[in-house]
Amino acid sequence: MRLEISSVEKPHLFYTIGLDTENGCAAILDKSSPIERNFAKSFIDELDNHDWAFLKLYNRVITNKKSEEFTEFETLEVDFSEYVQMIEKDGYYVTYVEIFPNAKYPSIMYKGERYYIEDEYYITHNILTTNCGLSCMVRERGGSYDWENPKSRFAILDYEKQAYTPFNEGEYYDQAFFAEVQKQLPDLAALMKKRHANLRLVYENYCKRAHLHFPVPISSIQNGKSLNSLLPPRVGRNDPCPCGSGKKYKKCCML
């Protein structure tokens, strides 16, 4: 996080410093001056564990708020290269926080414990759905989440119908729990619909930048045929642009 610290007596005099609140140390800013770096060191020496805990929480709250208010998803260049085969061939559900790690976890209180909801989506080209998977987990010691915890709850949400169903057909799911989710988070379906659209947009933009096309329905692939056979070769930055312009890729369609 970036801080601007001024003097009470001389408010026109201020220092700009960077803090790595996750690791409790200074973060060097590109344009910081030697005096600002020395000030940052002195400032950090005055911080105790309580101060760092507050700054860490404050930074997460601000980052989450910025993430939720962000609207220019068409400008994002997200790298899905590690996910394409899983998405298109295996029907991989992409977790929203995998792509947007600063996104906020919706949460509810249930039987005296707070549950955090992780949402995941199907964004393959051959099927358009209005469903998302929900994994509702309590926070473990150390701040982690464990879906194998017996307290965890799972369901599929059809955000258009606002209907909850089991993850797998015939599988038990806690109807009382998800009735409470609906009660405490009446706008959850609208949020899930928005997030699904955001993921589809940035994934589609990645596929266009990477010149990926899917002329054959993925569902028709049989006998373990690799998805690689359907994808064009990966284009390097200095390779000729596939569009035929004669320019290098980095000077043409990569821009």
Side-chain angles (χ1 to χ4, degrees), residues 60 63-108 115-137 145 147 152-169 171 173-175 177-215 217-219 221 227 230-231:
R60 286 183 175 180
T63 304
N64 288 342
K65 183 176 176 61
K66 289 181 178 179
S67 176
E68 294 304 312
E69 292 178 350
F70 184 79
T71 58
E72 299 177 4
F73 287 91
E74 67 277 2
T75 67
L76 290 180
E77 294 190 4
V78 179
D79 185 3
F80 281 87
S81 57
E82 296 182 4
Y83 296 89
V84 174
Q85 291 220 33
M86 293 187 294
I87 290 171
E88 300 293 348
K89 180 182 177 182
D90 303 325
Y92 179 69
Y93 268 69
V94 178
T95 304
Y96 196 74
V97 295
E98 285 182 271
I99 309 303
F100 305 112
N102 293 318
K104 181 180 179 180
Y105 285 91
S107 67
I108 69 164
Y115 281 77
Y116 294 85
I117 302 175
E118 185 176 79
D119 45 324
E120 53 188 17
Y121 303 87
Y122 195 61
I123 58 174
T124 182
H125 281 80
N126 68 320
I127 298 177
L128 295 179
T129 71
T130 59
N131 297 331
C132 65
L134 303 181
S135 299
C136 308
M137 300 167 286
Y145 303 95
W147 63 269
S152 299
R153 300 289 186 270
F154 309 95
I156 295 292
L157 168 62
D158 185 322
Y159 50 72
E160 294 291 1
K161 298 178 180 179
Q162 298 194 37
Y164 294 87
T165 55
F167 234 100
N168 298 303
E169 186 175 353
E171 187 176 76
Y173 83 112
D174 193 334
Q175 296 186 34
F177 177 88
F178 287 101
E180 195 63 26
V181 172
Q182 179 68 27
K183 179 181 177 181
Q184 294 188 34
L185 299 173
D187 298 326
L188 183 65
L191 175 62
M192 301 296 98
K193 180 178 181 178
K194 178 181 176 181
R195 287 185 168 188
H196 201 174
N198 293 341
L199 275 177
R200 282 177 174 152
L201 178 59
V202 295
Y203 178 56
E204 186 61 32
N205 287 343
Y206 164 78
C207 290
K208 289 179 180 178
R209 293 195 312 274
H211 302 284
L212 303 181
H213 305 282
F214 304 93
I218 301 304
S219 58
I221 299 176
L227 185 64
L230 301 179
L231 304 180

What's the separation between atom [atom1] in [X] and atom [atom2] in [Y], rounded to the nearest 0.5 Å?
X: Tyr92; Y: Ile123; atom1: OH; atom2: CD1; result: 10.0 Å
X: Asp119; Y: Tyr159; atom1: CG; atom2: OH; result: 11.5 Å
X: Ile99; Y: Tyr206; atom1: CD1; atom2: OH; result: 11.0 Å
X: Ser107; Y: Tyr115; atom1: OG; atom2: OH; result: 12.5 Å
X: Lys104; Y: Tyr116; atom1: NZ; atom2: OH; result: 10.0 Å
X: Lys193; Y: Leu188; atom1: NZ; atom2: CG; result: 14.0 Å

- Query: Should we count CD of Gln184 as having more than 12 external heavy atoms under 6.0 Å?
  - Reply: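 Yes, CD of Gln184 has more than 12 neighbouring heavy atoms, counting only those of other groups under 6.0 Å.
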
Where [X] and [Y] come nearest, the two heavy atoms and their spacing:
X: Ser135; Y: Phe154; value: OG-CD2, 3.5 Å
X: Gln162; Y: Ala189; value: CG-CB, 3.7 Å
X: Ile87; Y: Thr124; value: O-CB, 3.4 Å
X: Leu185; Y: Pro106; value: CD1-CB, 4.0 Å
X: Ser152; Y: Met137; value: OG-CG, 3.6 Å
X: Arg200; Y: Thr129; value: NH2-O, 2.6 Å

Could you tell me which residues satisfy side chain to side chain donor-acceptor pair (under 3.5 Å) with [X], sequence neighbours excluded, listed by chain and number?
X: Lys161; value: none
X: Glu118; value: none
X: Asn131; value: none

- Would you say Arg209's side chain and Asp79's backbone share a donor-acceptor pair under 3.5 angstrom?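 It does not hold such a pair.
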
- Task: Would you sort out whether Arg153 and Val181 count as a side chain to side chain contact (heavy atoms under 4.5 Å, CB included), showing the intermediate values?
- Result: CA-CA 11 Å; Arg153 300 289 186 270; Val181 172; over 6 Å; no

- Taking the side chain as every heavy atom from C-beta outward, state whether Cys207 and His125 have any pair of such atoms under 4.5 Å apart.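 Cys207 reaches His125 side chain to side chain.
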
- Message: For Tyr121 and His196, take the angle between the two ring planes, folded into 0 to 90°, and tell me which bin it lands in: parallel under 30, tilted 30 to 60, perpendicular over 60.
- Response: tilted

- Query: Relative to the ring of Tyr96, is the ring of Phe100 parallel (under 30°), tilted (30 to 60°) or perpendicular (over 60°)?
  - Reply: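 The arrangement is tilted - the two ring planes meet at 30° to 60°.
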
- Listed by chain and number, what are the side-chain contact (heavy atoms from CB on, under 4.5 Å) partners of Tyr93, not counting sequence neighbours? Glu120, Tyr122, Ile156

- Item | Sequence neighbours excluded - salt bridge (charged side-chain N to carboxylate O under 4.0 Å, His left out) pairs with any residue from residues 177-189 |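 Sorted result for residues 177-189: empty, none.
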
- Item | Partners meeting ring-ring contact (aromatic ring centres under 6.0 Å, His included) with Phe178 (sequence neighbours left out) | Tyr164, Tyr173

